[in-house]
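These notes concern the structure reproduced below.
As the structure is a computational prediction, the values presented were derived from the model and not from experiment.
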Amino acid sequence: MSMFSSLFGSSENQEDKTTRINWIPLVDLGQLNEIILLSSEKPVVIFKHSTRCSVSRMALKQFESEFDLEDQVTPYFLDLLEHRDISNAVAERFDVVHQSPQLLLIKNGMSVYDASHSAIEVAELRMKI
């Protein structure tokens with residue numbers, strides 16, 4: 001680690017800050033069936049994130065800083081660049097137009113709310129749960 005990195009922190013360290021959300025990585029198409037089943041007991045949130053997009057990174061950090069719904073929803077995280085097939089399946093399965101970043105709220109197997117870009121807000125999500 002360079003002297004500047006140790007004094008000021010590197011950008012890598014800034015990106016790797018621990019989130020207080022216990023995200024479940026969405027990495028397999030079969031998890032969509034799991035999400036549908038789980039959503040009949042407890043709402044599920046899917047956050048679709050593009051790791052190369054600064055707007056997506058800002059939306060994610062803002063969402064994570066405001067998130068206080070850990071007892072009310074099960075949160076899934078989708079890196080859509082790594083898992084484009086899953087991102088496409090999410091759009092098709094839940095009948096939403098693909099966006100990035102995008103937040104979906106799944107209840108009883110259906111998307112009851114979705115938001116993208118600067119419209120992703122915990123306060124709005126809270127009203128939809």
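Scanning both residues, Ile36 and Gly109, for their nearest heavy atoms gives CG2-CA, 3.8 Å. When all heavy atoms of Leu29 and Ala89 are compared, the pair lying nearest together is CD2-CB, 3.5 Å.
Taking hydrophobic clusters as Ile, Leu, Val, Met, Phe, Trp and Tyr residues chained together by side-chain heavy-atom distances below 4.5 Å, Phe94 does not share a cluster with Val112. Leu103 and Val90 fall into different hydrophobic clusters, where Ile, Leu, Val, Met, Phe, Trp and Tyr residues are linked whenever their side-chain heavy atoms come under 4.5 Å apart, directly or through other members. Note on Ile106: it clusters hydrophobically with Ile86, by side-chain heavy-atom contacts below 4.5 Å among ILVMFWY residues. Linking ILVMFWY residues whenever their side-chain heavy atoms come closer than 4.5 Å, directly or via other members, places Leu69 and Trp23 in the same cluster. Leu104 and Phe67 fall into different hydrophobic clusters, defined by Ile, Leu, Val, Met, Phe, Trp and Tyr side-chain heavy atoms under 4.5 Å apart, directly or through other members.
Between the side chain of Ser56 and the main chain of Ser50, a donor-acceptor pair closer than 3.5 Å is present. Checked by atom type and distance alone, the side chain of His117 pairs as donor or acceptor with a backbone atom of Ser100 at under 3.5 Å. No side-chain donor-acceptor contact under 3.5 Å links Gln99 to the backbone of Asp114. Gln31 places a side-chain N or O within 3.5 Å of a backbone atom of Asp28 that can act as its donor or acceptor partner.
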**Asked** When you look at Asp79 and His49, which way does the side chain to side chain contact (heavy atoms under 4.5 Å, CB included) test go after all the steps?
**Response** CA-CA 5 Å; Asp79 177 340; His49 174 59; 5.8 Å; no

* For Leu26 and Phe77, what are the C-alpha separation, side-chain angles and deciding distance, and is it a side chain to side chain contact (heavy atoms under 4.5 Å, CB included)? -> CA-CA 6 Å; Leu26 181 49; Phe77 182 87; over 6 Å; no

Next on the checklist: Checking Glu70 against Asn22 for the side chain to side chain contact (heavy atoms under 4.5 Å, CB included) test, could you report, in this order, the C-alpha distance in whole Å, the side-chain angles of both residues, the deciding distance, and whether it holds?
Outcome noted: CA-CA 8 Å; Glu70 47 280 318; Asn22 291 320; over 6 Å; no

Verdict with supporting geometry, Arg93 and Asn88, side chain to side chain donor-acceptor pair (under 3.5 Å): CA-CA 9 Å; Arg93 178 94 45 114; Asn88 292 339; over 6 Å; no

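When Ile120, Leu60, Leu80 are each tested for a side-chain contact (heavy atoms from CB on, under 4.5 Å) with Pro101, only one passes: Ile120.
Atom CD in Glu124 sits 11.0 Å away from atom CD1 in Ile129 (nearest 0.5 Å). Note that the CD atom of Glu64 and the CZ atom of Arg20 stand 9.5 Å from one another [nearest 0.5 Å]. To the nearest 0.5 Å, atoms OG (Ser65) and CD1 (Ile21) are separated by 9.0 Å.
Heavy atoms of other residues, nucleotides or ligands lying less than 6.0 angstrom from CG of Asp95 number 12 at most. The 12-atom threshold is not exceeded at CD of Glu92, counting heavy atoms of other residues, nucleotides or ligands nearer than 6.0 Å.
No side-chain heavy atom of Val44 sits under 4.5 Å from any side-chain heavy atom of Leu105. Contact check for Leu78 versus His83: side-chain heavy atoms found under the 4.5 Å cut-off. Counting heavy atoms from C-beta outward, Arg84 and His98 have side chains that approach closer than 4.5 Å. Val45 places none of its side-chain heavy atoms less than 4.5 Å from the side chain of Thr74.
For Lys48 and Ser87, the side-chain atoms include at least one donor-acceptor pair closer than 3.5 Å.
Classification of Arg126 and Asp68 as a salt-bridged pair holds, one side-chain N sitting under 4.0 Å from a carboxylate O.
Ring centroids of Phe47 and Tyr76 are separated by 6.0 Å or more, keeping the two rings apart.
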